[in-house]
Amino acid sequence: MPLDHAEFTQLLRYAPAQHYAPHHDQNAPRASAWGARVLTLLMYVGAEPLEGGETRFPLLNITVAPARGRVLLWPSVLDDLLTIDERTLHESLPVVSGTKYAANFWIHNHAFRSRMGICGDVAYLENWEAD
């Protein structure tokens, strides 16, 4: 995929008790010029927390402990590039002690960086209502 299909990297810092609730990464409107978030790349950077901070996929029964240099890659949509892959619901469990550092990198099925500047980031609720 061309780099233009990727969002800008998002750096994350989780202190003790901080977490991220269960969610899906595909949140782009169907009508967006850049299309769906097709893939998520999560990189653990910096020192690992002493305890907690795992990335959990409850529907897949997978929990991954953060470790510097570890990288996770998962699809956010099914093969049609429109339907959210429900199995990839995930969360960041609370950090119990220490600090968790990570970076997100999302890849879209169309150019994101160049089109984002032209179209803006306008979400349309009707794009996600049931047909």
Side-chain angles (χ1 to χ4, degrees):
M1 289 251 174
L3 183 60
D4 192 44
H5 287 230
E7 291 184 37
F8 297 97
T9 304
Q10 179 187 60
L11 300 175
L12 308 166
R13 178 182 178 272
Y14 292 87
Q18 290 184 321
H19 68 284
Y20 204 103
H23 65 283
H24 289 280
D25 286 343
Q26 177 10 48
N27 61 6
R30 287 185 184 183
S32 70
W34 49 87
R37 282 180 172 170
V38 177
L39 296 169
T40 295
L41 182 76
L42 174 67
M43 301 166 278
Y44 296 112
V45 296
E48 302 96 37
L50 298 175
E51 185 180 354
E54 298 90 347
T55 301
R56 186 170 82 99
F57 297 83
L59 300 177
L60 295 171
N61 196 28
I62 296 173
T63 302
V64 180
R68 184 174 49 179
R70 183 170 285 162
V71 176
L72 304 178
L73 175 70
W74 66 87
S76 297
V77 294
L78 300 176
D79 289 346
D80 66 5
L81 300 180
L82 291 173
T83 307
I84 292 174
D85 187 343
E86 300 293 340
R87 301 169 297 176
T88 59
L89 174 85
H90 61 284
E91 64 184 317
S92 177
L93 297 176
V95 171
V96 176
S97 64
T99 305
K100 173 184 170 182
Y101 294 95
N104 283 327
F105 193 72
W106 293 290
I107 301 170
H108 290 259
N109 58 331
H110 301 298
F112 175 85
R113 294 181 184 203
S114 58
R115 293 183 182 181
M116 184 69 171
I118 296 168
C119 302
D121 186 13
V122 179
Y124 301 95
L125 286 177
E126 61 272 13
N127 287 324
W128 293 111
E129 291 179 357
D131 296 328

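Here, residue 1 is the first one in the sequence, and each next residue gets the next number. Excluded from the calculations below are hydrogen atoms, water molecules and symmetry mates; all remaining heavy atoms, backbone and side chain alike, are included.
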Asker: Please tell me whether Leu41 and Leu3 are part of a single hydrophobic cluster in this structure, the criterion being side-chain heavy atoms less than 4.5 Å apart.
Answerer: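 Linked, Leu41 and Leu3 end up in one cluster.
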Asker: Rounded to the nearest 0.5 Å, what separation is found between the NE2 atom of His90 and the OH atom of Tyr20?
Answerer: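 So the gap between those two atoms works out to 8.0 Å.
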Asker: Show the numbers, then the answer: is there a side chain to side chain donor-acceptor pair (under 3.5 Å) between Thr88 and Asp85?
Answerer: CA-CA 6 Å; Thr88 59; Asp85 187 343; 4.8 Å; no
Asker: Test Leu39 against His5 for side-chain contact (heavy atoms from CB on, under 4.5 Å), laying out the working first.
Answerer: CA-CA 10 Å; Leu39 296 169; His5 287 230; over 6 Å; no
Asker: Rounded at 0.5 Å granularity, tell me how far CD in Gln10 sits from CH2 in Trp106.
Answerer: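 Going from CD on Gln10 over to CH2 on Trp106, the span is 4.0 Å.
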Asker: Should Val77 and Leu73 be regarded as members of a common hydrophobic cluster, given that ILVMFWY residues are connected when their side-chain heavy atoms come within less than 4.5 Å of each other, either directly or indirectly?
Answerer: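 Hydrophobic grouping puts Val77 with Leu73.
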Asker: Which value, rounded to the nearest 0.5 Å, describes the distance between Asp4 atom CG and His110 atom NE2?
Answerer: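 Nearest 0.5 Å value for the CG-NE2 distance: 12.5 Å.
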Asker: Side-chain contact, heavy-atom cut-off 4.5 Å: His24 with Arg37?
Answerer: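 Of all side-chain heavy-atom pairs linking Arg37 with His24, none is under 4.5 Å.
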Asker: Are Met43 and Val38 connected in the hydrophobic side-chain network, where two residues link if heavy atoms are under 4.5 Å apart?
Answerer: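 In one cluster with Met43: Val38, yes.
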Asker: Mind checking the CG-NE2 spacing from Leu81 to His108? Nearest 0.5 Å is all I need.
Answerer: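 NE2 of His108 is found 12.5 Å from CG of Leu81.
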Asker: About how many Å separate OH of Tyr14 and OH of Tyr101, when rounded to the nearest 0.5 Å?
Answerer: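 OH of Tyr14 is found 13.0 Å from OH of Tyr101.
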Asker: A quick test of your reading: do over 12 heavy atoms of other residues, nucleotides or ligands sit less than 6.0 Å from CZ of Arg56?
Answerer: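 Result for CZ/Arg56: enclosed.
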Asker: Which heavy atom in Ala65 sits nearest to a heavy atom in Tyr44, and how many Å separate them?
Answerer: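 So the two residues come closest at O-CE1, 4.1 Å.
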Asker: Can you get from Trp74 to Ile62 by hopping between Ile, Leu, Val, Met, Phe, Trp and Tyr side chains that sit under 4.5 Å apart?
Answerer: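 Shared cluster, yes.
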Asker: Which atom names give the shortest non-hydrogen contact between Ser76 and Thr40, and what distance separates them?
Answerer: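 Scanning both residues, the minimum pair turns out to be OG-OG1, 3.4 Å.
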Asker: At what distance, to the nearest 0.5 angstrom, does CG of Leu12 lie from CD of Gln18?
Answerer: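 CD of Gln18 is found 10.5 Å from CG of Leu12.
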Asker: If every non-hydrogen atom of Ala17 is compared with every non-hydrogen atom of Pro94, which pair is closest and at what distance?
Answerer: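 For Ala17 and Pro94, the tightest heavy-atom pair comes out as O-CB, 4.3 Å.
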Asker: How far apart are the closest heavy atoms of Gly98 and Pro16, and which atoms are they?
Answerer: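 Heavy atoms of Gly98 and Pro16 come nearest at O-CD, 3.3 Å.
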Asker: Considering residues at least two apart in sequence or located in another chain, which fulfil the salt bridge (Lys or Arg N to Asp or Glu O under 4.0 Å) criterion with Asp25?
Answerer: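 Scan of Asp25 (salt bridge (Lys or Arg N to Asp or Glu O under 4.0 Å), adjacent residues dropped) gives none.
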Asker: Taking atom CG of Asp79 as the centre, does the number of heavy atoms from other residues, nucleotides or ligands within less than 6.0 Å exceed 12?
Answerer: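 No, the 6.0 Å shell around CG holds no more than 12 heavy atoms from other groups.
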Asker: Specify the closest pair of heavy atoms between Leu11 and Ala103, including all atoms of both residues, with the distance to one decimal.
Answerer: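 Closest heavy-atom pair between Leu11 and Ala103: CD2-CB, 3.7 Å.
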Asker: Grab the two heavy atoms, one from Val95 and one from Ala15, that are nearest each other, plus how far apart they are.
Answerer: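 Val95 and Ala15 have their closest heavy atoms at CB-O, 3.6 Å.
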Asker: Determine the sole option in Val71, Val64, Leu72 for which the side chain to side chain contact (heavy atoms under 4.5 Å, CB included) test with Leu42 is passed.
Answerer: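 The single option meeting the side chain to side chain contact (heavy atoms under 4.5 Å, CB included) with Leu42 is Leu72.
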